[in-house]
**Student:** 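Quick one: structure below, then a few questions.
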Amino acid sequence: MDRILIPDGVKRCSFPIFSLWILVLLGVIGWGVAAGAAVLIKAMNLTGLNDWFGFGAYITADLAIIALGAGAFFSGFLYYGLSKFFPALKELGKIINLAVVVGFVCYTGALAVLLLEIGQPLRGWFGYWHANVHSMLTEVIFCITCYAIVLVIEYVPLILENRKVSESKPLSLLGHSMHDVMAIFALTGTFLSFFHQGSLGGVAGVCFARPYAFREGLFIWPWTFFLFILSAISSGPAFTALICKAMETVTRKKLVDRTVYELIGKIEGGLLSFYIILKIADTANWAFNMSPRFGLKLTDYYWGPYGIWLLVAEVGICGVLPALILISPKGRKSSFLLFGAFLLDIIGVSLNRFVMTIPAIAQPVMPFDQWKIYIPSIYEVAPVLAMLAYCMLIISLSYRYMPLFPRETELNR
Amino acid sequence: MSEKGHAQSNIRLGMVIDLDKCTGCGACSTACQAENNISYRPDESQKLRSITWMNIYQLDNKKAYPDFKIAFLPRPCMHCDADHHSPCTFVCPVNATTRDENNGLVTHIYPRCIGCRYCMVACPYHARSFNWWDPTWPKQMESMLSPEVSPRMRGVVEKCTFCHHRYNKARAKASVDGTDPNKAIYTPACADACPTKAITFGNLLDEKSEVAKLSKDPRAFRILEKLKTKPKVYYLSKQDWIRNLADNSLT
Amino acid sequence: MQFAAGAVGGTLLTPLPWKLADDSAVWSQNWSWRPSPERGEITKVPSVCTLCAGGCGIQARIVNGHRAILIEGNPANPVNEGSVCALATSALQFLYAPYRVAQPLKQTKKRGDKTGFQAISWEQAQTELSKKLEEIRVEGPQSLACITSSRRSSMDDLWAQFLTAFGSPNLFKMPSQCDSSRTAAQLTTGNASPFAFDLENAGYVLSFGASLLDGCAASSRASGALRRWKKDRYPVKIVQVESRCSITASKADTFLPINPGTEAALAMGIAHLMVNGANYDAYFVKNNVFGFEDWTDANGKKRQGFKNLVASSAYSPEQVAKITGLEAAKIREVAKEFASQPKALAVWGTGRADISNNTYHELVFVALNALKGNLKPSGLIAVAPKVPLSDLLPQKDILSENASQHPRLDLAKAQSCPCPQNGLYGFLDAIASGPKYPIKLLMVHEANPAHCLPENKLFMTAAEKVATLVSFSSYMDDTALLSDYILPNHMALERFDDVIGVPGAPYGYYAVSSPILKPLLDTKHTGEVLMKLASTLGGTVASSIPWKSYEDFLKFRVEGIAKAKTGAIIDKPIDISSIKAGDPVTPNYSDGADLFKKLKAGTCWHDAPTGVTFDKTSSGKLELACQSIGKGTQATDDVIYLPHFSPLKPSGSESEWPLLLVGYSIPQVSCGYLANPPFMNKLVPDSVLMGNELFVDLNPQTAASLGITQGDLVMVKTTQGEASAKANVTPAARPGVLYIPRGMGHKAYDEYIENKGVNACNLMEVQLDPVSGMGTVWATRAQLRRV
């Protein structure tokens with residue numbers, strides 16, 4: 001039925017099955033959109049947020065999804081930027097389109113959820129107009145917008161490669177010319193995204209009256225600025241790889257060469273090891289150098305559900321462990337270990353974003369205050385799930401109708 | 001510009017609250033509500049969603065009966081005088097909350113606030129409240145809203161202003177009277193109301209003022225001084241257990 | 001598709017999206033549903049607050065002369081010295097309350113049915129009421145009764161005048177500690193006026209259960225005293241005696257935790273040590289006290305005196321330690337301090353002072369102060385001086401003729417007490433249990449007995465037996481809801497009223513509360529309604545109430561002060577506590593009209609304290625042996641004449657009801673006639689109320705023994721009733737005692753008030769004091785279980 005839209009030489013599932021899947025996703029999206037609309041109309045009392053938890057599920061999900069979407073810019077950076085010097089990185093070309101799609105959906109999805117997060121969405125644009133240059137959030141607003149635009153620009157040529165669309169001459173021409181300048185955008189995007197990721201880290205790190213989140217740093221940037229960048233690039237490509245693997249499993253096809261996964265594993269292994277060493281150093285400095293100055297000790301940061309397990313899980317199980325697996329060639333050879341490590345890696349970075357958002361503000365700072373627990377409401381969960389469904393929807397559509405994987409035809413011959 | 005990063009002025013408005021005199025009666029808080037058009041809802045027991053500018057904390061000494069003792073700590077906005085920025089003004093992306101370096105007041109412009117709540121996250125004193133609902137009043141009670149303070153709208157953050165509008169009025173009056181507006185004095189609604197006169201307000205930089213003298217009293221302390229937020233609200237107490245609750249300590 | 005893309009691109013190039021974005025932001029800043037308060041000239045109107053008995057000077061900020069926006073303290077008033085309490089700052093929330101009664105209402109369905117109220121005109125209301133009154137007057141005027149909480153107000157005298165002229169003795173007031181204090185003052189000094197305390201000039205304060213800082217009556221004065229006590233140099237030592245670690249206990253320098261209701265035993269213990277150690281003001285006692293030594297009664301019978309009673313081993317520190325739960329050594333220590341401090345004062349109270357005390361216990365505290373010499377002319381205790389207002393004399397006392405056959409309903413019982421006082425409980429009891437004569441019309445004025453009367457079911461039961469219940473409340477409160485007619489009074493800030501004396505203050509005080517605004521609704525001053533009814537009734541009723549307006553009536557009353565030519569106006573800040581008994585106060589007003597004009601402008605009148613005189617007693621001395629208690633009975637036990645520890649046993653057995661329940665007040669909750677306003681709701685801690693669940697305080701030890709943890713849902717059951725609540729496990733509570741906050745659990749008003757928590761009065765047991773016949777409350781036996 002939709003045959004004419006499907007790229008040449010590839011096999012896709014039947015249209016009714018695909019439609020069913022799309023309907024399921026649309027259902028989830030509809031639910032989330034309805035919840036989001038309710039929040040916009042009836043105000044934010046519908047959420048589980050309160051004066052103690054100014055930030056909650058929306059922000060956590062945004063931070064996590066943006067960190068994971070970083071696979072886009074970083075893979076792009078490696079492929080368009082560094083492969084001239086390290087030809088081995090050319091391999092990444094086989095997955096670069098997927099990385100762009102993942103980046104696009106993650107950023108646009110996050111933006112949509114961000115709209116719900118602010119109490120006065122109609123004034124959202126004040127961030128540009130009345131910008132406070134000292135605020136990390138201003139950096140975030142500027143970078144996220146610019147980078148979302150860049151991702152749109154990167155995503156458009158992919159659409160233009162669709163069989164039906166490229167029949168139109170001017171559009172095809174546009175697509176090709178855009179492809180040629182893609183490297184420039186990829187590098188602009190990389191810069192923006194580095195900055196953006198860093199400022200998200202800065203959001204927590206600059207709160208100098210919040211000992212849990214506060215970090216000293218370099219010039220105006222707290223250490224979390226750099227740690228967020230590092231953690232994002234050491235998990236983003238892994239996320240792309242994991243999605244690719246998931247697509248392979250679902251479609252029962254081979255979409256990229258195994259070498260690509262191993263290359264990503266190798267890169268991520270190195271980066272993650274580097275990151276986790278710094279993270280441990282940062283944690284030690286925070287716990288044993290900074291905190292005593294505020295009259296606090298490490299155990300003061302952990303309580304009840306927000307216990308010390310968070311630190312063990314984030315740094316140990318989801319940090320050191322996957323790093324060790326990924327830097328060892330043996331580990332990368334085993335599919336179980338390789339993809340297991342990818343999964344731990346992305347759980348680790350998501351956990352990091354959670355810790356820097358929720359437990360960081362759950363902790364009482366005044367000695368006579370008590371710990372509080374945050375429970376998101378359905379009005380927060382639904383839009384977040386809808387955002388994930390939206391990501392899946394775009395990826396599904398892109399995969400079905402666009403030539404995402406240059407090697408797909410060959411590998412499945 | 002000084003090394004502190006802001007223009008020096010000789011006015012720093014601040015407050016001293018004597019906790020040994022405070023009985024927790026709540027008059028400061030209700031006076032504040034009336035003065036500043038603070039909205040209320042039928043259920044105010046969900047304290048984390050209740051808008052209060054002057055929040056009264058109940059402290060206790062954690063001892064067993066009968067050595068158990070309570071004390072009250074009224075908490076307005078601290079109007080932090082931290083170097084360069086207050087924790088909240090540092091993070092506001094839209095310059096809705098800023099510190100007026102002429103007098104040290106941390107102000108908040110409601111029509112500019114986008115409701116991102118970053119300032120609330122940054123404030124360790126929980127001095128800021130968010131309008132989770134459209135503020136509404138029973139129709140009749142709209143009659144008692146003050147024209148001097150604008151009612152807020154949903155989705156914005158609000159907090160104690162040290163009755164900034166009273167300061168503006170006092171300065172305007174001084175100008176009209178031909179006296180120096182920089183010497184204009186006023187008291188916020190809370191200090192006016194306090195039945196035990198536990199709240200003193202004035203210019204901390206005016207050596208002769210009561211508030212400056214009290215802020216240097218041996219009983220004086222501030223909350224969370226270790227964080228270097230430099231609050232302009234001082235507390236007085238002779239009791240060690242209360243003073244020990246002012247800051248975190250490793251012992 | 002190209003078209004669409006072009007359209008999007010084109011639109012983006014126009015100013016349209018930018019304009020829309022800007023417009024939407026501007027819209028979000030000016031939502032039409034956000035009220036924009038009317039601007040205009042702001043004026044300050046001084047007045048005097050009558051929301052409680054405290055008598056604070058206030059000033060209201062008014063916009064354009066018709067909109068009140070803020071109540072502040074009046075700095076020129078000596079009682080509150082410019083400050084103002086939480087209730088007064090919320091006063092406008094009563095003025096503008098949605099639950100105000102906008103016009104006269106008549107119940108057309110079953111009592112208590114909100115939907116049954118029908119708006120009627122004032123004319124109809126007054127006509128129907130006067131018709132009923134006329135009928136009653138013919139059938140037996142004693143069938144009219146009134147309950148008011150008005151004290152220290154001329155309304156009080158107007159009610160008395162109305163009922164007396166009408167021919168009914170049945171005027172009752174909502175309970176107050178003033179009544180028992182007055183009883184004690186009358187028994188010991190012959191003055192029918194409650195005791196007053198010079199708190200501000202005390203050098204050491206020993207408080208027996210007085211909730212000075214937990215929301216007592218006249219909280220402003222207590223706050224002013226605290227400010228003076230907590231001065232930097234030589235602060236005044238405060239010792240608080242009670243069972244709960246209250247705010248007052250926390251602010252005190254020493255807290256003496258005792259078993260609830262045993263304060264008087266401790267006072268006796270201290271007196272014991274003072275007497276046995278000869279560490280008391282022997283000179284004062286010898287010359288001015290009767291009944292300290294053994295005495296001889298009118299029949300020539302030799303009786304034991306207070307000295308021998310208190311010196312007996314029954315009040316030894318060891319015995320008292322057993323009763324109170326304190327250590328004997330602690331009792332000795334406090335007794336020594338109290339005896340040796342030159343300006344030590346013992347004060348006492350029943351929590352918020354809204355219930356009368358056990359008469360014998362009142363006498364014990366008087367005796368303790370007598371030992372200290374505090375009742376000397378210049379001492380720290382006086383009786384409140386009388387304000388020389390014009391008296392209201394009925395032209396012909398019909399009552400005296402009627403009274404012999406139809407005594408006040410609470411006194412009509414076969415066995416009555418020796419010193420009958422404000423017998424509200426006896427009255428309610430009598431109506432419920434088949435009275436000597438029926439009550440056909442019960443008028444309730446500025447009171448809400450259906451809610452805030454401890455053991456309020458007594459009122460409910462009595463109300464059912466009353467043919468017509470009329471409320472004069474400004475608000476749709478719990479009692480108004482049960483009424484057949486509501487004739488709404490102006491709200492306190494809309495009407496003339498006066499304040500006669502500050503509770504517990506030794507100086508003379510009088511102030512006129514003038515309206516800050518014209519009445520907002522179709523209401524009428526209850527005083528003027530009474531005047532109208534009186535003129536309709538005609539005859540002696542009309543002639544004894546000749547005034548046409550309440551303002552005229554107050555003018556008439558103020559004339560009395562002017563005639564007496566005493567006291568002076570205060571119109572600038574002064575420290576009234578520095579005026580000593582006997583200090584000259586020169587009148588600074590020319591005549592009655594001038595005085596009234598000044599008072600109307602928000603000033604107040606004061607006079608120097610008068611100290612206490614004993615010339616009205618039969619011995620001419622302070623009488624610790626109260627001979628009138630034994631009058632008419634063949635008393636065999638000498639102790640009945642003397643101050644002694646005499647606890648009333650709560651009903652139920654200890655084995656069945658192992659715990660005690662005590663009601664307590666917090667300053668953040670208004671309990672009494674006024675319901676908690678929304679401003680104050682914000683102050684209520686979440687350890688007192690969460691949602692609609694009230695918390696009951698219990699000690700961790702008690703909680704552990706019952707297997708209860710913080711926040712558990714529990715069932716509190718007392719001998720009087722049961723209620724579900726949540727457990728607040730706190731070391732503030734004494735082991736074995738449950739504490740329940742008062743003022744919650746209203747069944748009327750609006751969504752800001754209704755159904756929040758449990759009404760403590762439902763659970764409390766009232767016992768009748770054998771001397772005065774008034775209801776007292778100290779503890780109720782209770783059980784607690786987790787549900």
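Numbers restart at 1 for each chain; the letters A, B, ... are given by sequence-line order, proteins then strands.
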**Student:** Examine whether an atom of C:L95 lies under 4.5 Å from a heavy atom of chain B, and if so say whether it belongs to the side chain, the backbone or both; otherwise answer neither.
**Tutor:**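 Neither the backbone nor the side chain of C:L95 comes within 4.5 Å of chain B.
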
**Student:** Identify which of B:K63, B:K238, B:R154, B:R219 forms the greatest number of heavy-atom pairs closer than 4.5 Å to chain C.
**Tutor:** B:R154

**Student:** Pick one of side chain, backbone, both or neither for C:N80, based on which atoms fall under 4.5 Å of a heavy atom in chain B.
**Tutor:**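 For C:N80, the backbone is the part near chain B, not the side chain.
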
**Student:** Between C:E72 and chain B, with a heavy-atom cut-off of 4.5 Å, which part of the residue counts as in contact: side chain, backbone, both or neither?
**Tutor:** side chain

**Student:** Side chain, backbone, both or neither: which part of B:L19 has a non-hydrogen atom closer than 4.5 Å to chain C?
**Tutor:**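 The answer is the backbone of B:L19.
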
**Student:** Pick one of side chain, backbone, both or neither for C:Q701, based on which atoms fall under 4.5 Å of a heavy atom in chain B.
**Tutor:**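 Neither part.
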
**Student:** What part of B:A64 gets within 4.5 angstrom of chain C, counting heavy atoms only: side chain, backbone, both, or neither?
**Tutor:**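 Contact with chain C is through the backbone of B:A64 alone.
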
**Student:** Once you round to the nearest 0.5 Å, how far does CZ of C:R244 lie from CZ of B:F68?
**Tutor:**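 Rounded to the nearest 0.5 Å, the CZ-CZ separation comes to 9.5 Å.
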
**Student:** Side chain, backbone, both or neither: which part of C:A225 has a non-hydrogen atom closer than 4.5 Å to chain B?
**Tutor:** neither

**Student:** Going by residue number, which parts of residues 249-259 of chain C are within reach of chain B, meaning a heavy-atom gap below 4.5 Å?
**Tutor:**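 Residues of residues 249-259 of chain C touching chain B at under 4.5 Å: C:A249, C:S250, C:K251, C:A252, C:F255, C:P257, C:I258.
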
**Student:** For C:L92, is it the side chain, the backbone, both or neither that has a heavy atom under 4.5 Å from a heavy atom of chain B?
**Tutor:**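 Its backbone and side chain both get close to chain B.
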
**Student:** To the nearest 0.5 angstrom, please state how far the CG atom of C:N692 sits from the CG atom of B:D43.
**Tutor:**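 One gets 7.0 Å once the value is rounded to the nearest 0.5 Å.
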
**Student:** Heavy-atom distance under 4.5 Å to chain C: side chain of B:N37, backbone, both or neither?
**Tutor:**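 Answer is side chain: those atoms of B:N37 sit under 4.5 Å from chain C.
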
**Student:** So, C:K756 side chain and B:P42 main chain: donor-acceptor pair closer than 3.5 Å or not?
**Tutor:** yes

**Student:** Do the side chain of B:Q33 and the main chain of C:F679 share a donor and acceptor less than 3.5 angstrom apart?
**Tutor:** yes

**Student:** Please answer whether the main-chain N or O of B:P111 pairs with a side-chain N or O of C:Q29 as donor and acceptor at a distance below 3.5 Å.
**Tutor:**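 Yes, because the side chain of C:Q29 sits within donor-acceptor range (under 3.5 Å) of the backbone of B:P111.
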
**Student:** If you draw a 6.0 Å radius around NZ in C:K231, do more than 12 non-hydrogen atoms from other residues or ligands fall strictly inside?
**Tutor:**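 More than 12 within 6.0 Å, yes.
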
**Student:** Below 3.5 Å, can you tabulate the donor-acceptor pairs from side chains in residues 140-147 of chain B to any protein atom, sequence neighbours excluded?
**Tutor:**
from	atom 1	to	atom 2	distance (Å)
B:E142	OE1	B:K139	NZ	3.0
B:S143	OG	B:Q140	O	3.3
B:S146	OG	B:E148	N	3.0

**Student:** If a pair satisfies ring pair (Phe, Tyr, Trp, His ring centres under 6.0 Å) and one of its residues is in residues 144-167 of chain B, list it, with sequence neighbours excluded.
**Tutor:**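 Checked against ring pair (Phe, Tyr, Trp, His ring centres under 6.0 Å) - neighbours excluded - the pairs reaching residues 144-167 of chain B are B:H79-B:F162, B:F162-B:F201, B:Y167-B:Y186.
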
**Student:** Roughly how far apart are B:C25 SG and C:L87 CG, rounded to 0.5 Å?
**Tutor:**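 Rounded to the nearest 0.5 Å, the SG-CG separation comes to 11.0 Å.
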
**Student:** Just to be sure I understand the criterion: a residue of residues 123-135 of chain B counts if one of its heavy atoms is under 4.5 Å from a heavy atom of chain C. Which ones qualify?
**Tutor:** B:D134

**Student:** Without swapping roles, check the side chain of C:K682 against the backbone of B:I51 for a donor-acceptor pair under 3.5 Å.
**Tutor:** yes

**Student:** Counting only non-hydrogen atoms closer than 4.5 Å, does C:L70 touch chain B with its backbone (N, CA, C, O), its side chain (CB onward), both, or neither?
**Tutor:** side chain

**Student:** Between B:R41, B:Q239, B:Q46, B:Q58, which has the largest tally of heavy atom pairs under 4.5 Å with chain C?
**Tutor:** B:R41

**Student:** Where does C:T730 contact chain B at under 4.5 Å (heavy atoms): side chain, backbone, both or neither?
**Tutor:**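 It is the side chain, since no backbone atom gets that close.
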
**Student:** CD1 of B:I185: more than 12 outside heavy atoms within 6.0 angstrom?
**Tutor:**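 Counting other residues, nucleotides and ligands, CD1 of B:I185 stays at 12 neighbours or fewer.
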
**Student:** Check each atom of B:T187 against the heavy atoms of chain C and say whether the ones under 4.5 Å are side chain, backbone, both or neither.
**Tutor:**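 For B:T187, no heavy atom lies under 4.5 Å from chain C.
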
**Student:** Which atoms of C:R34 come close to chain B, meaning under 4.5 Å heavy atom to heavy atom: side chain ones, backbone ones, both, or neither?
**Tutor:** side chain

**Student:** Measuring heavy-atom distances to chain B, does C:R734 have an atom under 4.5 Å in its side chain, in its backbone, in both, or in neither?
**Tutor:**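 Answer is both: backbone and side chain atoms of C:R734 are under 4.5 Å from chain B.
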
